[in-house]
Amino acid sequence: MKARTPFIAGNWKMNLDHLQSIAFVQKLAWTLSDARHDFATAEVAVFPPFTDLRSVQTLVNADDLPIAYGGQDISEHDNGAYTGEISGAFLKALDTKYVVIGHSERRQYHGETDEQIAGKVAAAHRHGIIPVICVGETAEDLETHGPSAVPVAQLRVALGGALKGSDVVVAYEPVWAIGSGQAATSDQAQQVCAALRVVIAELLGDDVAQATRILYGGSVKSSNIAGFMRETDIDGALVGGASLQLEEFASIVRFQKHVGT
Ligand code: PEP
């Protein structure tokens, strides 16, 4: 058993409105509770669209559900004339524990740079929110630079914004594996996650590196999660498509039940 608590995070992307989010989170909690899931052995978080967060907060508080939630992005700025942006202060006011930063879809469709991502990591820490920093190479990067060069370089810049002593979660998400149905092999993912842990040690110190959860993301399913979780440097998963299928996501959360299969 690893010293770091495994973390299974569901990135809903632009799916499920606020009413659907309530139904989903409630059913997820029931399913896990019926299956006697021990949340001490795997932490669970969902990342709904911003417009759902207030509803999810109300449900989680009212029913005292052991499910964390987070935003899918955060502004570098705290307030002001930034139309469409969401401040870390607003996320914190909704008890948001985590925020996804630098997802490849933000990098690709919104032109987010590594420097902006570092600014967002700094903003999360200013507001006491744990950043889930996404890094990963495209298929072209993989061919040109090999497996770890790009994610390592991205993480070096992103961690420039981290406040020493504050928690971070890192998600290694090869862009070619996201939504493609073609996950990395657990060996490939382990190799990159180990290189990312070295960067964390260099920049934030050994103790932080040992305590930091590094997730793999990219076509994770209940049928491949166990292989990833057996690796020394993989502490969980950031799950996209499969996080919207209730039974499938609950089965990923309960990876310990099929880790020996
Ligand atoms: C993601 O979007 O972060 C992701 C990993 O997606 P999927 O699981 O669908 O590949």
Inset, instruction - Carefully, step by step, assess Val169 and Leu215 under the rule side chain to side chain contact (heavy atoms under 4.5 Å, CB included). - result: CA-CA 8 Å; Val169 173; Leu215 317 181; 3.8 Å; yes
Inter-residue atom distance [X].[atom1] - [Y].[atom2], 0.5 Å rounding:
X: Phe90; Y: Ser75; atom1: CZ; atom2: OG; value: 9.0 Å
X: Ile214; Y: Leu238; atom1: CD1; atom2: CG; value: 13.5 Å
X: Leu65; Y: Ile67; atom1: CG; atom2: CD1; value: 5.5 Å
X: Ser148; Y: Gln188; atom1: OG; atom2: CD; value: 11.0 Å
X: Thr96; Y: Phe47; atom1: OG1; atom2: CZ; value: 9.5 Å
X: Leu94; Y: Asn61; atom1: CG; atom2: CG; value: 10.0 Å

Does one side chain, of [X] or [Y], offer a donor that lies under 3.5 Å from an acceptor on the other?
X: Thr138; Y: Asp141; value: yes
X: His127; Y: Asp78; value: yes
X: Glu137; Y: Tyr172; value: yes

Just so I know, are the side chains of [X] and [Y] near enough to count as touching, which here means a heavy-atom distance under 4.5 Å?
X: Ile225; Y: Ile8; value: yes
X: Ile252; Y: Ser222; value: yes
X: Cys134; Y: Val100; value: yes
X: His18; Y: Thr51; value: no
X: Leu196; Y: Val135; value: yes
X: Asp73; Y: Phe50; value: yes
X: Val170; Y: Leu155; value: yes
X: Ile133; Y: Leu159; value: yes

Let me check something: do [X] and [Y] share a hydrophobic cluster, defined by ILVMFWY side-chain heavy atoms less than 4.5 Å apart, either directly or through other members?
X: Ile117; Y: Ile74; value: yes
X: Val239; Y: Tyr98; value: no
X: Ile178; Y: Trp12; value: no
X: Trp30; Y: Leu59; value: no
X: Val46; Y: Ile86; value: yes

Inset, instruction - I would like to know whether Ile129 and Lys97 meet side chain to side chain contact (heavy atoms under 4.5 Å, CB included); could you show each step before the answer? - result: CA-CA 5 Å; Ile129 301 170; Lys97 184 171 178 189; over 6 Å; no
Inset, instruction - Just say parallel, tilted or perpendicular for the rings of Tyr82 and His77, cut-offs at 30° and 60°. - result: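 Geometry flag for His77 against Tyr82: parallel rings.
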Inset, instruction - Using salt bridge (charged side-chain N to carboxylate O under 4.0 Å, His left out) as the criterion, point out the one residue from Glu85, Glu76, Glu112 that pairs with Lys120. - result: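 Among Glu85, Glu76, Glu112, the one meeting salt bridge (charged side-chain N to carboxylate O under 4.0 Å, His left out) with Lys120 is Glu112.
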Any idea which heavy atoms bring [X] and [Y] closest together, and the distance?
X: Gly10; Y: Phe249; value: N-CZ, 3.7 Å
X: Pro131; Y: Ile101; value: CB-CD1, 3.7 Å
X: Phe24; Y: Leu244; value: CE1-O, 3.5 Å
X: Leu53; Y: Gly70; value: CD2-O, 3.6 Å
X: Ala40; Y: Thr5; value: O-CG2, 3.6 Å
X: Ser21; Y: Leu16; value: N-CB, 4.4 Å

Inset, instruction - Check the pair Val253 / Leu32 against side chain to side chain contact (heavy atoms under 4.5 Å, CB included), numbers first and verdict last. - result: CA-CA 8 Å; Val253 169; Leu32 291 172; 3.9 Å; yes
Got more than 12 heavy atoms from elsewhere within 6.0 Å of [atom1], [X]?
X: Glu202; atom1: CD; answer: yes
X: Asp207; atom1: CG; answer: no
X: Asn79; atom1: CG; answer: no

Donor-acceptor check, side chain of [X] to backbone of [Y], threshold 3.5 angstrom: yes or no?
X: Thr58; Y: Arg54; value: yes
X: Ser219; Y: Ala177; value: yes
X: Tyr216; Y: Gly218; value: yes
X: Glu43; Y: Phe7; value: no
X: Ser186; Y: Phe228; value: no
X: Asn224; Y: Lys221; value: yes
X: His125; Y: Leu163; value: yes
X: Asp34; Y: Thr31; value: no
X: Arg213; Y: Arg4; value: no

Legend entry - Lys/Arg N to Asp/Glu carboxylate O, Asp235 vs Arg197, below 4.0 Å: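 Answer for the salt bridge query: yes.
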Legend entry - Check ion pair Asp114-Arg107 (N to O, under 4.0 angstrom):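 Here Asp114 pairs with Arg107 in a salt bridge, since their nearest N and O are under 4.0 Å apart.
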Inset, instruction - Take Glu105 and Lys13 through the test salt bridge (charged side-chain N to carboxylate O under 4.0 Å, His left out) and record every step on the way to the result. - result: CA-CA 9 Å; Glu105 287 151 17; Lys13 311 190 188 205; 2.7 Å; yes
Inset, instruction - Applying side chain to side chain contact (heavy atoms under 4.5 Å, CB included), run through Ile130 and Val168 and close with a yes or a no. - result: CA-CA 6 Å; Ile130 302 172; Val168 297; 5.5 Å; no
